[in-house]
Number of protein chains: 2
Amino acid sequence: MTVSVMIVDDHPIWRDGVARDLGEHGFEVAATAADGDAAVRIARAVRPAVVLMDLNLGSSSGVAAIREITTQLPDTRVLVLSASGEHDDVLEAVKAGASGYLVKSASVRELVAAVRRTAGGDPVFTAGLAGMVLGEYRRMADAPSDQQAPRLTERETDVLRLVAKGLTARQIADRLVISHRTVENHVQSTLRKLQLHNRVELARYAIEHGLDQEQEGRG
Amino acid sequence: MTVSVMIVDDHPIWRDGVARDLGEHGFEVAATAADGDAAVRIARAVRPAVVLMDLNLGSSSGVAAIREITTQLPDTRVLVLSASGEHDDVLEAVKAGASGYLVKSASVRELVAAVRRTAGGDPVFTAGLAGMVLGEYRRMADAPSDQQAPRLTERETDVLRLVAKGLTARQIADRLVISHRTVENHVQSTLRKLQLHNRVELARYAIEHGLDQEQEGRG
DNA sequence: GACGCTCTCGGGGTTTTCCCGGATCCGCGC
DNA sequence: GCGCGGATCCGGGAAAACCCCGAGAGCGTC
């Protein structure tokens, strides 16, 4: 029986290339999508066996789409095919329900094998990533479910974004029309939550998590 | 006459897909390469009309490869096909000699048209990027070649790298075995040279220029 | 209504950063 | 030699950041 595959990536050229590679190796490319929302919608209609998915989908979040798909379609397995291979990306994808994680530097042969094994129910990870997931699992087992997801309040996120831009507390206070002491308080609580020690680390955190790119004013 | 094209990208799947797309539209894919060094070496032998090139080649620098190719092969035009479309990436590529810049979210049709126009000698830029280059040109024309390359001393670079990691002046002083006041002075002169205002902006600068990734101790 | 959370503001302290001047050394040209 | 610019080093003083604390107002939940 043929395995139906769905390809999610915001690059049309990439989608076409992967679709052809898989088609030539006996898979049925049942659908493609360019962003997370479309992926969820189409996957629900098509019910592919494997969703081959990029994490970096321009604006929308690939991780959220993975979570939607794996919860709504328990028979569909998601194989992430991403450029990064970054520690956090891998763990987030796995937490969201991904069955495997391949970096885009993989060869066509590796890709084909990975899709086949994913369809068969085996978890597939690029060399090095499997150990990463295992290590994180152990750390979770040691510390029985405490932080790992320190969520910031809306105001803390506002302040964090401006701190990451290099503004001082007074400049941030002017923009948000509050006291600079309040700004400093938000900075402090953010530092505590993220277990960081100063604004530079805060800026690094914001940059690595893409918080510094988003627009601020929406009303 | 057929246009010979060379494809440089560290993702085999991407290379194959692009090669097939171009092949089906009458281009001759004369060569492919996975990194900058190979690109320069092979391009010198093959002398393609157009080099279709990713900037993000894993370890090696795409910009350096562009510079090599365009200086050594004046008849070869380099069309960058990159994921980012970031301000600095575009400008660096153009400065290195790229004839055009396409983001990877382009369609196959756009890609084919871009390669054709690049071969014909027209500069090709994704919408929005052309204005970016023009704007930068104007800024250069306004300020008659003053800064644009503020070089830092060795010690300033050492300090900058550690500042970008989030270390305080005292921690940096301990590592470099100097007084923390001296560290602060290096920070100050760096701020002046780069026309920045605080350590967070310094960290952003270092991250954007890749200074924070390099190792520090080589002796 | 009690509770918890967020956002706001401030007191009062230490530490760090930011900005200035001043010192030494070293290479380079006159 | 002697000045001159640079790189590197150090210090004083003002500003900002960091850290802990308490407190009121608003807003949902139980």
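The sequence lines fix the lettering, A, B, ..., with proteins before strands; numbering per chain opens at 1. Not measured: the values here are computed from a predicted model.
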Does anyone know the first and last nucleotide of DNA chain C in reach of chain A, 5' to 3', at under 4.0 angstrom to a heavy atom?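 On DNA chain C, the outermost contacted nucleotides are C/dT6 to C/dG12.
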
Using the salt bridge (charged side-chain N to carboxylate O under 4.0 Å, His left out) criterion, which residues pair with [X]? Sequence neighbours excluded.
X	value
B/Glu110	none
B/Arg155	B/Asp158
A/Glu68	none
B/Arg181	B/Glu184

Please, which pairs that meet salt bridge (charged side-chain N to carboxylate O under 4.0 Å, His left out) have at least one residue in residues 40-53 of chain B, sequence neighbours excluded?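 Qualifying pairs: none.
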
Which residues pass the side-chain contact (heavy atoms from CB on, under 4.5 Å) test with [X], not counting sequence neighbours?
X	result
B/Ala34	B/Arg15
A/Ser82	A/Asp54, A/Leu55, A/Val80, A/Ser84, A/Tyr101
B/Ala65	B/Val40, B/Met53
B/Thr70	B/Ile66, B/Val78

Just how large is the angle between the end axes of the helix from C/dT14-D/dA17 to C/dC30-D/dG1, five pairs per end, to 10 degrees?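 Roughly 10° between the end axes, to the nearest 10°.
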
Within this structure, what is the CD1-to-P distance between B/Ile178 and D/dG11, rounded to whole angstrom? 12 Å

Would you mind classifying the nucleic acid contact of A/Thr182 as base, sugar-phosphate or nothing, using non-hydrogen atoms under 4.0 angstrom?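 Base, at least one base heavy atom under 4.0 Å.
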
At 4.0 Å (heavy atoms only), tell me whether A/His180 reaches a base, stays on the sugar-phosphate, or touches nothing. nothing

A/Lys193 with A/Glu156: basic N within carboxylate O range, under 4.0 Å: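 A salt bridge links A/Lys193 with A/Glu156.
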
Within the 4.0 Å limit for protein heavy atoms, which parts of nucleotides 17-30 of chain D are touched? Write it as a string from 5' to 3', B for base, S for sugar-phosphate only, - for none. SSB-B---------

